[in-house]
Novice: 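Here's a structure for you.
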Amino acid sequence: MSSPDHTITMPGFTVEPLVVPDTVDAEDAADFVAFAAVRSAVEAEQRGNAGEVMTAAGLLPDWKDASKPMTGLVAKVGGRVVARGNLALPLNAAECWCAVSVLPGFRGRGIGSALYDRLEELARLAGRATIQNQTTYPAGVAGETIAAPTGFGSVPVDLPSTRFLRRHGFSLEQVGRISSLPLPVDPAPFSAWLEAATTAAAGYRTITWQGRTPEEWVDAIAFLRTRMSSDAPNAGIELTDVWTAERVRAVDDLWADSPRIALTSIAVDEATGQAVGFTELEVSAESDRPAEQMDTLVLREHRGHRLGMMLKLVNLRELTVRFPGCESVETINAEENRPMLDVNDSIGFVASSFSARWRKVIAG
């Protein structure tokens with residue numbers, strides 16, 4: 001894991017390297033806990049709801065994943081963490097991802113720009129050619145917008161995040177929809193949807209597990225997760241995300257020591273015994289935040305059998321059985337991914353907010 005190696009002193013604030021602790025109870029964990037609190041507070045503000053609020057314990061596994069090194073910064077005023085910056089540096093990739101968050105009462109002082117400038121410097125030092133960012137915003141924001149080059153969706157011009165990124169040379173690449181599904185779903189139509197999808201998917205069966213990936217499916221999950229980076233709509237965004245069996249096991253180990261629980265369903269082609277699609281939900285064991293719909297993918301050569309619908313319904317059924325206290329599910333999909341949005345809409349997902357992906361070329 002890389003780390004900036006010095007503190008930057010600016011008029012009225014400092015920018016310091018983030019210390020990533022072994023646990024959130026460790027003696028050196030205070031800055032990381034504050035970092036996570038800033039991230040959650042600003043995310044909730046931007047979205048207009050607290051759906052993506054994540055505790056420090058929930059966030060920590062992402063910072064211990066050696067296959068996706070992260071560098072963090074905290075900005076302090078009077079010793080208090082008031083802003084955060086982080087840089088994700090996927091291995092063997094030309095791109096990287098940055099994020100900057102500043103608490104409302106501390107904006108307009110140059111803190112966000114100081115964080116971003118340091119992150120871009122680190123990205124250049126790491127040899128990256130592009131730096132990318134993802135922002136969120138609520139539905140219904142009035143005013144002038146920027147259209148996504150995909151032809152689907154737009155971003156309000158006057159959002160603070162839009163102004164900040166454009167000022168720093170980023171261009172909009174893609175808009176995504178964040179949707180929410182209240183739980184439990186009405187059982188009568190749900191059963192009818194599942195029966196129809198299962199009938200359409202004759203010749204395929206589903207397998208579901210909670211937590212650690214069963215040994216016989218480790219290689220299949222590695223393959224399917226890798227295919228997400230090439231098969232899912234990413235517009236002009238660069239996405240390098242190679243999974244191996246070793247990485248699957250390493251992430252399983254990290255999650256086992258955290259409050260995050262994965263619920264996974266796969267579709268198996270009965271003729272070959274091969275896994276040809278999967279879907280994953282993340283459930284929190286320590287908070288009431290919504291379950292998060294993570295990746296869903298059906299291999300191109302097996303589409304047209306309603307496998308995506310079947311997988312999502314099976315996993316939702318298992319979620320309500322295994323985690324009856326869970327009150328909702330949130331998911332994000334590219335606006336141009338109409339087939340998956342149609343699946344979500346038919347189940348009952350409703351748009352709650354939106355996201356935007358941005359890109360900046362920093363090397364020739």
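Here, residue 1 is the first one in the sequence, and each next residue gets the next number. No experiment lies behind these values; they were computed from the predicted model shown.
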Novice: Under a 4.5 Å cut-off applied to non-hydrogen side-chain atoms, are K312 and Q293 in contact?
Specialist: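 Counting from C-beta outward, K312 and Q293 do come under 4.5 Å.
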Novice: Got a donor-acceptor contact below 3.5 angstrom from the Q210 side chain to the A262 backbone?
Specialist: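 Checked: no pair found.
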Novice: Without hydrogens or angle criteria, can the side chains of R84 and S101 be said to hold a donor-acceptor pair below 3.5 Å?
Specialist: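 S101 and R84 do have a side-chain donor-acceptor pair below 3.5 Å.
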Novice: Do W209 and F323 share a hydrophobic cluster, counting only Ile, Leu, Val, Met, Phe, Trp and Tyr and linking them when any side-chain heavy atoms are less than 4.5 Å apart?
Specialist: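 They do share one cluster, since a chain of ILVMFWY contacts under 4.5 Å joins W209 to F323.
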Novice: By the definition side chain to side chain donor-acceptor pair (under 3.5 Å), identify the one residue from E335, E336, Q134 that meets it with Q174.
Specialist: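 Of E335, E336, Q134, side chain to side chain donor-acceptor pair (under 3.5 Å) with Q174 is met by E336 alone.
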Novice: Got a donor-acceptor contact below 3.5 angstrom from the S352 side chain to the I178 backbone?
Specialist: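 Such a contact is found between S352 side chain and I178 backbone.
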Novice: Within the structure provided, determine whether V19 and D31 are in side-chain contact (heavy-atom separation under 4.5 Å).
Specialist: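 Side-chain contact under 4.5 Å: no.
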Novice: Is the backbone of P156 close enough, under 3.5 Å, to the side chain of T162 for a donor and an acceptor to pair up by distance?
Specialist: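 It does hold such a pair.
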Novice: Please tell me if the side chains of I266 and T206 come closer than 4.5 Å, counting only heavy atoms from C-beta onward.
Specialist: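 No - every pair of side-chain heavy atoms lies 4.5 Å or more apart.
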Novice: Okay, side chain of T320, backbone of R317: is any donor-acceptor separation there less than 3.5 Å?
Specialist: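 The answer is yes, because a donor-acceptor pair under 3.5 Å joins these two groups.
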Novice: Look at D252 together with R249 and state whether they make a salt bridge at an N to O cut-off of under 4.0 Å.
Specialist: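 Between R249 and D252 there is a salt bridge, with a charged N closer than 4.0 Å to a carboxylate O.
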Novice: Give a yes or no on whether a salt bridge exists between D62 and R260, defined as a side-chain N under 4.0 angstrom from a carboxylate O.
Specialist: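 Result for this pair is yes, salt bridge flagged.
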Novice: Taking all non-hydrogen atoms of both residues, which atom of H302 and which atom of L307 are closest, and how far apart?
Specialist: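 In this case the closest contact between H302 and L307 is O-CD1, 3.5 Å.
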Novice: Cluster question for you: counting only ILVMFWY and a side-chain heavy-atom cut-off of under 4.5 Å, with indirect links fine, are L341 and V343 together?
Specialist: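 Unlinked, L341 and V343 end up in two clusters.
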Novice: Are more than 12 heavy atoms, taken from residues, nucleotides or ligands other than E270, located less than 6.0 Å from that residue's CD atom?
Specialist: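 Counting neighbours around CD of E270, more than 12 heavy atoms of other residues, nucleotides or ligands fall under 6.0 Å, so yes.
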Novice: Is there side-chain contact between R247 and D241, with at least one heavy-atom pair below 4.5 Å?
Specialist: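 With C-beta onward as the side chain, the pair touches.
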Novice: Quick one: does any side-chain atom of T150 pair with a main-chain N or O of F152 as donor and acceptor, under 3.5 Å?
Specialist: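 Yes.
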Novice: Step through the shown structure and confirm whether more than 12 heavy atoms of other residues, nucleotides or ligands are within 6.0 Å of CD on E327.
Specialist: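 For E327, atom CD is not crowded (no more than 12 foreign heavy atoms under 6.0 Å).
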Novice: Hey, is the main chain of C98 close enough, under 3.5 Å, to the side chain of N133 for a donor-acceptor pair?
Specialist: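 Judged by distance alone, yes, a pair lies under 3.5 Å.
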Novice: Minimum heavy-atom separation for S265 to N315, with atom names?
Specialist: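 Between these two residues, the closest heavy atoms are OG-OD1, 2.7 Å.
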Novice: Compute the centroid of each ring, for F223 and then for F278, and state whether the two points are separated by less than 6.0 Å.
Specialist: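 No - the distance between ring centres of F223 and F278 does not fall below the 6.0 Å cut-off.
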Novice: Could you check whether the rings of Y137 and F354 sit parallel, tilted or perpendicular, using 30° and 60° as the cut-offs?
Specialist: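 Ring orientation, 0 to 90° scale: parallel.
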Novice: Applying the 4.5 Å side-chain criterion to the ILVMFWY set and letting contacts propagate, would V350 and V185 be lumped into a single cluster?
Specialist: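 V350 does not cluster with V185.
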Novice: Do E16 and K76 meet the salt-bridge criterion of a basic N to acidic O distance under 4.0 Å?
Specialist: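 Judged by the 4.0 Å cut-off on N to carboxylate O distance, K76 and E16 do form a salt bridge.
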Novice: Can you confirm whether E301 is buried at CD, in the sense that more than 12 heavy atoms of other residues, nucleotides or ligands lie under 6.0 Å from that atom?
Specialist: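 Counting neighbours around CD of E301, more than 12 heavy atoms of other residues, nucleotides or ligands fall under 6.0 Å, so yes.
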Novice: Do the non-hydrogen side-chain atoms of R205 and I207 ever get within less than 4.5 Å of each other?
Specialist: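 SC-SC contact between R205 and I207 confirmed.
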Novice: Counting distance only, does the side-chain N/O of R359 pair as donor-acceptor with the main-chain N or O of Q132 below 3.5 Å?
Specialist: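 The answer is no, because no donor-acceptor pair under 3.5 Å joins these two groups.
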Novice: Among the clusters formed by ILVMFWY side chains lying less than 4.5 Å apart, do I146 and I237 turn up in the same one?
Specialist: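 No; I237 is not reachable from I146 via cluster members.
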Novice: Is a side-chain donor-acceptor pair under 3.5 Å present for T240 with E95?
Specialist: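 Distance-only check passes for E95 and T240.
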Novice: In terms of side-chain geometry, is the basic nitrogen of R107 or E45 positioned less than 4.0 Å from the acidic oxygen of its partner?
Specialist: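 A salt bridge is present here (some side-chain N lies under 4.0 Å from a carboxylate O).
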Novice: Would you sort out whether L316 and F190 count as a side-chain contact (heavy atoms from CB on, under 4.5 Å), showing the intermediate values?
Specialist: CA-CA 10 Å; L316 284 171; F190 186 91; 4.1 Å; yes
Novice: Work out which heavy atom in T23 is nearest to a heavy atom in A29; give both atom names and the distance.
Specialist: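 In this case the closest contact between T23 and A29 is O-CB, 3.6 Å.
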Novice: Is any side-chain heavy atom of F35 closer than 4.5 Å to one of L73?
Specialist: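 Not touching, per the 4.5 Å side-chain cut-off.
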Novice: Relative to the ring of F164, is the ring of H168 parallel (under 30°), tilted (30 to 60°) or perpendicular (over 60°)?
Specialist: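 Tilted: the ring planes of H168 and F164 meet at 30° to 60°.
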Novice: May I ask you to test the F349-R177 pair for a side-chain heavy-atom distance under 4.5 Å?
Specialist: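 F349 vs R177: side chains apart.
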Novice: Checking R124 side chain against A363 main chain: does a donor-acceptor pair fall under 3.5 Å?
Specialist: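 Not a single qualifying donor-acceptor pair exists.
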Novice: Using the rule given for side-chain contact (heavy atoms from CB on, under 4.5 Å), can you reason through L224 versus L299, listing the C-alpha separation, both sets of side-chain angles and the distance that settles it, and then say yes or no?
Specialist: CA-CA 8 Å; L224 290 168; L299 297 178; 3.8 Å; yes
Novice: Determine whether S171 and E173 satisfy the following criterion, side-chain hydrogen bond (donor to acceptor under 3.5 Å, both in side chains), listing intermediate values before the conclusion.
Specialist: CA-CA 6 Å; S171 60; E173 296 293 339; 3.3 Å; yes
Novice: Which pair of heavy atoms, one from D22 and one from K64, lies closest together, and at what distance?
Specialist: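 So the two residues come closest at O-CE, 3.2 Å.
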Novice: I need the minimum non-hydrogen distance between T279 and L311, along with the two atoms involved.
Specialist: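 Where T279 meets L311 most closely, the heavy atoms are CG2-O, 3.5 Å.
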Novice: Taking ILVMFWY side chains as joined if any heavy atoms are under 4.5 angstrom apart, and letting links pass through other members, which residues group with L91?
Specialist: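 ILVMFWY cluster around L91 holds nothing else.
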Novice: Determine which pairs satisfy salt bridge (charged side-chain N to carboxylate O under 4.0 Å, His left out) with at least one residue from residues 147-168, sequence neighbours left out, and list them in order.
Specialist: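 For residues 147-168, and leaving out neighbouring residues, there are no salt bridge (charged side-chain N to carboxylate O under 4.0 Å, His left out) pairs at all.
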Novice: Run the salt-bridge test on K360 and E238 with the 4.0 Å N-O cut-off and return the result as yes or no.
Specialist: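 No, K360 and E238 are not salt-bridged.
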Novice: Would a 4.5 Å heavy-atom cut-off, applied to side chains only, mark V155 and R357 as touching?
Specialist: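 Counting from C-beta outward, V155 and R357 never come under 4.5 Å.
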Novice: Test of understanding: clusters of I, L, V, M, F, W, Y form through side-chain heavy atoms closer than 4.5 Å, transitively. Do I8 and V38 belong to the same one?
Specialist: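 Linked within one cluster.
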Novice: Check this for me: does any side-chain nitrogen of one of E282 and R289 sit under 4.0 Å from a carboxylate oxygen of the other?
Specialist: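 Between R289 and E282 there is a salt bridge, with a charged N closer than 4.0 Å to a carboxylate O.
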Novice: Taking atom types as modelled, find out whether S346 and W193 have a side-chain donor-acceptor pair closer than 3.5 angstrom.
Specialist: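 Not at all, the side chains of S346 and W193 share no donor-acceptor pair under 3.5 Å.
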Novice: Can you name the nearest heavy-atom pair linking L254 to P61, along with the distance?
Specialist: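 So the two residues come closest at CD1-O, 3.6 Å.
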Novice: With no hydrogens and no angle check, is any side-chain donor or acceptor of S40 less than 3.5 Å from a backbone partner on A37?
Specialist: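 Answer holds: no.
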Novice: For residues 73-108, which residue pairs qualify under ring-ring contact (aromatic ring centres under 6.0 Å, His included), counting only residues two or more places apart or in two chains?
Specialist: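 ring-ring contact (aromatic ring centres under 6.0 Å, His included) check on residues 73-108 returns no pairs.
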